Undergrad: 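Let me begin by handing over the structure; questions about it come next.
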Amino acid sequence: MWISGKPCLPLLLVTIFILSTSFNLLVDSSESDSDRVSELLSLQSKSKSGVIHLNDKSLNRFLTSAKSRSYSLIIFFDAVQLHDKQELHLKDLKFEFDLVSASFIKNNKDTPSQSKVFFCDIEFKESKNSFALFGVNALPHIRHVSPQVRNVKDSEQMDQSDFSRMAESMAEFVESKTKLSVGNIERPPVVSQKQVGFLILALLISSPFLVKRVLAGNTLLHEPMLYLIFSVFVYFFSVSGAMFNIIRKMPMFLADRNDPSKLSFFYQGSGMQLGAEGFAVGGLYTLVGLLLAIATHLLVQVRNRSVQRGFMVFALIVSFWAVKKVVFLDNWKTGYGIHGYWPSSWN
């Protein structure tokens, strides 16, 4: 380099030093991000579900101290001491979160997407500073921290109302924020292979005795009353939302928030119902269905017109009352045109 026609060696050395330092910083940053990704993949492989357990130290390593990141973190905030709070469903939500993680890893194996998103969890007692850093003061809580986020409080939170759909809503949240596909959610089978094998063996052993009784017409399958009871049960099971309660593991009742000594059997708000609430609605629907079945199959065989008319009046009054209660409950839950508190109005 020349200044006024003379070489300026110090200035040349300073320029070379600045360029060299800048280049080294870029290389170090790239290598550091690569090292973090490799370490995250290693931790992921050691987890059964692929969820990486973080604490204050590891969160600082993979997130807050990282000057640049090429990956997103999906973080589930957990608190072991609150697992017995049925209304929070933390254990169930954590299980669903594990399913989403395992499904994402399986469906994106050996693709670039595998190193773009990592599923993590943080426990409150171990990482109180991390909870404070994110400003988490209520559970359940899931955050998406994108590579562009510098202040973790600016990360995106999953809406509380979406937790009712469990793994499916979590997968939609991940896909909408990362623009990557989670794929099909693979749930463990209800019956294991060993149980299936045992059932097949038991069926083979008992098949000669079963065949003999079937040919003789001396089985429960030949009892009409069994089919009647089974039909009523299927109807009740369908209209009561029992399948929803089983899948979501909903409790029968909750402690009243205003008075813990009292029990709440009905939950005000859409997207959720308690077990007792479903049984109440299912019982009302079943009552109407049974009255209709009696009127169309048994009452027509009665010759006395007065009995027929009396029963029809009774059936209409009871059916009207039952449907009115179902409509009232639906309006109370959604808040449409209902004033007052449900239990006092249920009479």
Side-chain angles (χ1 to χ4, degrees), residues 47-51 83 86 89 91-109 164-171 182-253 272-302 322 326:
S47 172
K48 184 178 180 180
S49 62
V51 175
H83 280 189
Q86 292 293 331
H89 301 285
K91 291 180 69 175
D92 298 333
L93 290 171
K94 180 60 171 61
F95 175 78
E96 297 290 311
F97 185 78
D98 290 350
L99 289 180
V100 177
S101 173
S103 299
F104 177 85
I105 295 170
K106 182 177 180 179
N107 296 325
N108 292 276
K109 189 176 181 180
S164 60
R165 293 181 52 236
M166 310 296 260
E168 286 71 20
S169 57
M170 294 180 192
V182 173
N184 294 327
I185 305 297
E186 297 191 6
R187 298 182 179 275
V190 178
V191 182
S192 65
Q193 294 182 350
K194 290 183 178 180
Q195 291 173 328
V196 171
F198 175 78
L199 291 175
I200 293 175
L201 180 61
L203 182 62
L204 290 174
I205 294 174
S206 60
S207 58
F209 305 98
L210 293 176
V211 171
K212 182 179 178 180
R213 293 181 68 93
V214 169
L215 294 176
N218 185 23
T219 66
L220 287 175
L221 298 177
H222 293 83
E223 293 290 337
M225 187 59 66
L226 175 66
Y227 292 96
L228 174 62
I229 296 173
F230 182 72
S231 299
V232 173
F233 171 76
V234 171
Y235 180 81
F236 174 81
F237 190 84
S238 302
V239 299
S240 66
M243 183 58 70
F244 175 90
N245 294 335
I246 293 173
I247 294 174
R248 301 290 186 254
K249 298 181 179 178
M250 304 301 296
M252 290 294 294
F253 50 83
M272 177 180 173
Q273 72 170 28
L274 300 177
E277 181 180 331
F279 287 154
V281 174
L284 292 172
Y285 275 126
T286 303
L287 176 61
V288 175
L290 287 174
L291 290 174
L292 180 61
I294 293 172
T296 55
H297 288 77
L298 298 180
L299 190 61
V300 293
Q301 299 178 13
V302 178
V326 172

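For clarity, every value in this text was computed on a predicted model and none was experimentally measured.
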Undergrad: Does Y235 have any side chain to side chain contact (heavy atoms under 4.5 Å, CB included) partners at least two apart in sequence or in another chain, and if so, which?
TA: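 Per chain and number, Y235 pairs via side chain to side chain contact (heavy atoms under 4.5 Å, CB included) with V239, Y285, T286.
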Undergrad: Can you tell me how far apart NZ (K94) and OG (S101) are? Round to the nearest 0.5 Å.
TA: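 The distance works out to 8.5 Å.
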Undergrad: Can you name the side chain to side chain donor-acceptor pair (under 3.5 Å) partners of K91, sequence neighbours left out?
TA: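 Not a single residue meets the side chain to side chain donor-acceptor pair (under 3.5 Å) criterion with K91.
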Undergrad: Could you tell me which non-hydrogen atom of S240 sits nearest to which non-hydrogen atom of G282, and how far apart they are?
TA: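 Taking every non-hydrogen atom into account, CB-CA, 3.7 Å.
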Undergrad: CD1/I205 to CD1/I200 distance, rounded to the nearest 0.5 angstrom?
TA: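 Reported value, rounded in 0.5 Å steps: 12.0 Å.
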Undergrad: If you round to the nearest 0.5 Å, how far is NZ of K106 from CD1 of I185?
TA: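 Rounded to the nearest 0.5 Å, the CD1-NZ separation comes to 11.5 Å.
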Undergrad: Ignoring hydrogens, what is the shortest heavy-atom contact between N108 and V182? Give both atom names and the distance.
TA: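 Of all heavy-atom pairs spanning N108 and V182, the closest is ND2-O, 4.2 Å.
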Undergrad: Enter the distance from E96:CD to H89:NE2 here, rounded to the nearest 0.5 Å.
TA: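 E96 CD to H89 NE2: 11.5 Å, rounded to 0.5 Å.
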Undergrad: Output the distance between atom CD (E168) and atom CG (N184), rounded to the nearest 0.5 Å.
TA: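 Between E168 CD and N184 CG, I get 10.5 Å after rounding to 0.5 Å.
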Undergrad: Provide the closest heavy-atom pair for I105 versus S49 in the form atom of the first, atom of the second, distance.
TA: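 Nearest pair, atom of I105 first, then S49: CD1-O, 4.0 Å.
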Undergrad: Check V300 against A295 and note the closest heavy-atom contact, atom names and distance.
TA: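 Result for this residue pair: CG1-O, 3.8 Å.
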Undergrad: Using modelled atom types and a 3.5 Å cut-off, is there a donor and acceptor pairing between side-chain atoms of D98 and backbone atoms of V51?
TA: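 Side chain of D98 to backbone of V51: no pair is present.
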Undergrad: Could you report the tightest heavy-atom contact between V232 and L290, atom names first, then the distance?
TA: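 Scanning both residues, the minimum pair turns out to be CG2-CD2, 3.9 Å.
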Undergrad: Quick check: closest heavy atoms across S103 and E186, and the distance to 0.1 Å?
TA: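 Taking S103 first and E186 second, the nearest heavy atoms are OG-N, 3.2 Å.
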